[in-house]
Structures are given as C-alpha cells and as structure tokens.
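Here's the structure, in structure tokens; my notes come after.
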Amino acid sequence: MDLDLRNFSLHLDENQRTVRRLSDMKGFYADQEAVAQILKESDPVIYEVYACESEEEGPGNLSYALTVINPGDVGGEYYMTKGHFHHKPSAELYLGLEGEGILLLQDREGNTRRIPLLPGRVSYVPANYAHRSINTGRSQLRFLAIYQSDSGHDYGTIEKEGFRERILVQKN
Ligand code: S6P
Ligand code: ZN
C-alpha cells in the first residue's frame, strides 16, 4: 500500500485485504430482526482492512493498516468495525483520511469516550482501551492505523460483552 497524502491517492493491495460482511458480525448489532431481514436479500460488505506487517518482526516494531468502512446502517445502527482490545497494553494512532466518523473507546471498567475521526486529524487510542470505528457519514470512512506489531488483537471480550454505547442514526 502506498500512501500519498499530498495528492490523496491510495494504492491498495488486494493481497492484504480482509473483508468483513454483515454475516461475519451478526451478533454485534442490536436489532437482530434487521440483521435477518438484510441477510435475506444480500450480505453487504461493512468494512475492509488492508494490513501491512512490518518488515522487521518482534518487539519494538510497528505495523499499519488502512480501514475502509462503507456508509450505511443496520436497524439504525451505523456500520462499524468489530472493535477489540490489544492483548499487550499498547497505544495506537489513527490518521483520518476521508469521510467522517467516530472512534469509540472503552476502558476495562466500561467507561466510554467518543473521539472524532476526520480527514487530517490524528486520533489517539490509549493503551488498555477497546476501540471501535463507526462511519457516521454518507461516504466511505477511510483511516490509517499505526500500532505495535506485537500488540495482539483480543476480539473475544468485545464480542462477548459489547460496548456500552451504540452510535445510532439521528431521527429528525
Ligand atoms: C489495529 C487497528 C485497526 C483495526 C481495523 C478494523 O490495531 O485498530 O487497523 O484492526 O480498523 O477493526 P477491527 O476491530 O475489526 O480490527
Ligand atoms: Zn487496534
């Protein structure tokens, strides 16, 4: 993946792509009737991740990944990532590239915080916080994440316990 911020061109490598469809994350959404209804017709791509492992492996090295979240909602709950803790407490930087969204943080006690994910803005994920990204806009949300290569990803805790906050489409 090459990233040219001056021209805002992104060259994505299909070999590094992970696709998350609704069927991969059914239980993450609150409205199970809406999930079932959508899946009767189609299985939309919620987000994609293009991950780059570092050239050097082991403690002290960095990895980075580009995430693309499509616009949309499931029963009024915006498209979002699964969210995870890092096994090894380690911070992470997010750089917003396109679109608008929210970075939802939650500590081990369940306290939450919302941070804007916007183009050109660097958002900080402190160590020991679960983090989930939510696309609250009408276009794709794209951001680059930079993290320690040996962070490790714990998805099980969030899959089981969820986040205490849900980001819902505002009804006018
Ligand atoms: C990795 C970093 C991101 C996420 C990506 C997808 O530490 O936080 O690259 O992996 O945004 O989210 P998730 O929760 O499916 O890994
Ligand atoms: Zn992370």
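Whatever order the structure lists them in is the order used to number ligands and atoms, beginning at 1.
A salt bridge is absent between Glu100 and Arg138: the closest approach of a Lys/Arg side-chain nitrogen to an acidic carboxylate oxygen does not fall below 4.0 angstrom.
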Under a 3.5 Å threshold, I'd like every N/O contact between ligand 1 and protein atoms, with atom names and distance.
unit_1, atom_1, unit_2, atom_2, d
ligand 1, 7 (O), His84, NE2, 3.3
ligand 1, 7 (O), His86, NE2, 3.2
ligand 1, 7 (O), Glu92, OE1, 3.1
ligand 1, 7 (O), Glu92, OE2, 2.9
ligand 1, 7 (O), His153, NE2, 2.8
ligand 1, 8 (O), His84, NE2, 3.2
ligand 1, 8 (O), Glu92, OE1, 3.3
ligand 1, 8 (O), Glu92, OE2, 2.8
ligand 1, 8 (O), Tyr94, OH, 2.7
ligand 1, 8 (O), His131, NE2, 3.3
ligand 1, 11 (O), Thr67, OG1, 2.8
ligand 1, 14 (O), Gly83, N, 2.8
ligand 1, 14 (O), His84, ND1, 2.9
ligand 1, 15 (O), Tyr47, OH, 2.6
ligand 1, 16 (O), His84, ND1, 3.2
ligand 1, 16 (O), Tyr155, OH, 2.4

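When the Zn ion (ligand 2) is compared with the N/O/S atoms of His131, atom NE2 turns out nearest. Per residue Glu92, closest N, O or S atom to the Zn ion (ligand 2): atom name OE1.
The backbone N or O of Ala30 sits less than 3.5 Å from a side-chain atom of Glu77, completing a donor-acceptor pair.
Cation-pi geometry between Arg166 and Tyr78 is not met: the NZ or CZ atom fails to fall both under 6.0 Å from the ring centre and inside 45° of the normal.
Between Thr112 and Gln106, the side chains place no donor N or O within less than 3.5 Å of an acceptor N or O (distance only, hydrogens not considered). His84 and His131 share a donor-acceptor pair across their side chains, judged by distance under 3.5 Å alone. When only modelled atom types and interatomic distance are considered, Gln140 and Asn70 share a side-chain donor-acceptor pair under 3.5 Å.
Residue-environment remark: NZ (Lys88) exceeds the threshold of 12 foreign heavy atoms within 6.0 Å.
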